[in-house]
Amino acid sequence: MSAPSLDRPTAPDEKALQDQFDATLAADHRIEPRDWMPEGYRKTLIRQVAQHAHSEIIGMQPEGDWLLAAPSLRRKAVLLAKVQDEAGHGLYLYSAAETLGADRADLTDKLIEGTQKYSSIFNYPTLTYADVGVIGWLVDGAAICNQVPLCRSSYGPYARAMIRVCKEESFHQRQGYELLMTMMRGTDEQRAMVQDAVDRWWWPSLMMFGPPDDDSPNTAQSMAWGIKRHTNDELRQRFVDMSVPQAEVLGVTLPDPELCYDAATGHHRFGQLDWDEFKRVIAGDGPMNAVRIARRRAARDDNAWVVEAATAYAEKHGA
Ligand SMILES: [Fe+2]
Ligand SMILES: [Fe+2]
């Protein structure tokens, strides 16, 4: 047996690194960018964080469509602030993905080519101003349900980004609910607009939590790694339980005849989701998929000169 070399420390072997990683997770401490991590953990996180970042950026479009048609200066200021927040969320998340070694331009290309996904919810159109309120209430509400547990995600930069994101999401939900409350106190026509928007957005909002647990092959590993803290079905149930009393206060009907309170479990039972629709929309065949991606592609191509100029400037001054 030869003695270890004195001039070079022995690299810790894979097993020791894996043990250290496991111990960090077991102690509920965070994994940081410089720490060793298994390749599967890194890849899963890049996929999840990129998908989340893409959703924030694409999510600016359905509501952005109403910025020029907001019914008052106050509504326009509120909506503008909200849409800008979503851009900021995208930026934090792309930065978090970069700490894992991902390249932002590459992530954008993958979004446009369709090899990385974004939330199916943003492939539905916004038909009236009530949709802005319902998106705030239900879509941002579902995002909060999903994201609050991610503040305890095992990956440090992702968990820390979520803390600020969640504070802003809470403003988004309230502005939506306040808008709907105002419309519900208005005319019959306005109340009908709110009900119509609720009818169209309720089921797609429930799909935001992803496929049912028995059809979600990555959930177990993601939970073991502390990337996810609850299953899709647990979060969906939490969202339904949270939304039912809010719908009652608002005075709208949720479009599910099977929705009822189950005293035995303390939870609401609800009807079957249309998983074929979910799969179709995720695969690119929703009402607005093509429009969303075409705009993103145009933004990338039309602004390529800015990236080129900024890169040339940085190289010149770095030299
Ligand atoms: Fe957001
Ligand atoms: Fe939001």
Side-chain angles (χ1 to χ4, degrees), residues 45 47-67 70 75-98 104 107-108 111 116-126 129-153 155 157-181 197-198 200-202 204-210 227-229 235-236 238-239 242-243 246 288 292 295-296 299:
L45 260 174
R47 197 189 63 224
Q48 181 174 330
V49 175
Q51 190 168 314
H52 194 163
H54 298 328
S55 302
E56 301 284 355
I57 297 291
I58 294 284
M60 295 167 72
Q61 291 188 33
E63 289 171 289
D65 284 345
W66 283 95
L67 280 172
R75 291 293 169 201
K76 192 194 287 275
V78 170
L79 185 57
L80 195 56
K82 195 226 168 189
V83 172
Q84 282 179 331
D85 281 353
E86 306 300 6
H89 299 174
L91 289 181
Y92 307 150
L93 289 162
Y94 283 123
S95 300
E98 283 178 322
R104 186 162 164 196
L107 298 181
T108 300
L111 165 67
Q116 279 179 350
K117 303 293 180 201
Y118 57 91
S119 177
S120 57
I121 192 81
F122 300 118
N123 294 311
Y124 294 87
T126 40
Y129 208 75
D131 290 44
V132 170
V134 170
I135 288 179
W137 173 37
L138 295 178
V139 176
D140 291 276
I144 293 171
C145 265
N146 257 328
Q147 289 171 181
V148 165
L150 293 175
C151 296
R152 295 186 296 112
S153 161
Y155 188 58
Y158 191 34
R160 287 188 290 274
M162 279 307 112
I163 293 171
R164 176 158 175 184
V165 166
C166 284
K167 286 186 181 156
E168 292 177 345
E169 294 303 350
S170 149
F171 152 66
H172 299 170
Q173 195 198 21
R174 283 179 211 183
Q175 65 82 34
Y177 200 73
E178 190 264 348
L179 167 58
L180 296 177
M181 271 296 198
V198 170
R200 284 181 289 108
W201 289 93
W202 172 249
S205 299
L206 295 190
M207 292 175 192
M208 284 176 71
F209 298 92
I227 296 174
K228 267 175 100 150
R229 296 293 184 179
L235 292 167
R236 191 168 6 251
R238 187 179 291 187
F239 176 70
M242 189 178 94
S243 301
Q246 293 172 351
M288 298 298 281
R292 303 294 180 233
R295 282 199 190 147
R296 201 69 208 94

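Below, each value reflects all heavy atoms present in this structure, side chains not excepted, and no hydrogens, waters or symmetry copies. Just so you know, residue 1 is the first one in the sequence shown, and it goes up from there. Indexing begins at 1, ligand by ligand and atom by atom, following the structure's order.
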Yes or no on side chain to side chain contact (heavy atoms under 4.5 Å, CB included) for Asp131 and Arg200, after CA distance, side-chain angles and deciding distance? CA-CA 9 Å; Asp131 290 44; Arg200 284 181 289 108; 2.8 Å; yes
Chi angles and distances behind the side chain to side chain contact (heavy atoms under 4.5 Å, CB included) call for Thr126, Met288: CA-CA 10 Å; Thr126 40; Met288 298 298 281; over 6 Å; no
Could you tell me whether the side chain of Gln175 and the main chain of His172 form a donor-acceptor pair under 3.5 Å?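 Flag set: sc Gln175 to bb His172 pair under 3.5 Å.
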Report the C-alpha separation of Leu150 and Val165 in whole Å, then their side-chain angles, then the decisive distance to 0.1 Å, and conclude whether the side chain to side chain contact (heavy atoms under 4.5 Å, CB included) test is met. CA-CA 10 Å; Leu150 293 175; Val165 166; over 6 Å; no
Near the Fe ion (ligand 1) (cut-off under 2.8 Å), count of protein N, O or S atoms: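 Near the Fe ion (ligand 1), the number of protein N, O or S atoms below 2.8 Å is 4.
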Apply the side-chain hydrogen bond (donor to acceptor under 3.5 Å, both in side chains) test between His89 and each candidate in Arg164, Gln84, Glu56; give the one that qualifies.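 The single option meeting the side-chain hydrogen bond (donor to acceptor under 3.5 Å, both in side chains) with His89 is Glu56.
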Parallel, tilted or perpendicular, judged at 30° and 60°: which one describes the rings of His52 and Tyr158?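 Answer is perpendicular, since the angle exceeds 60°.
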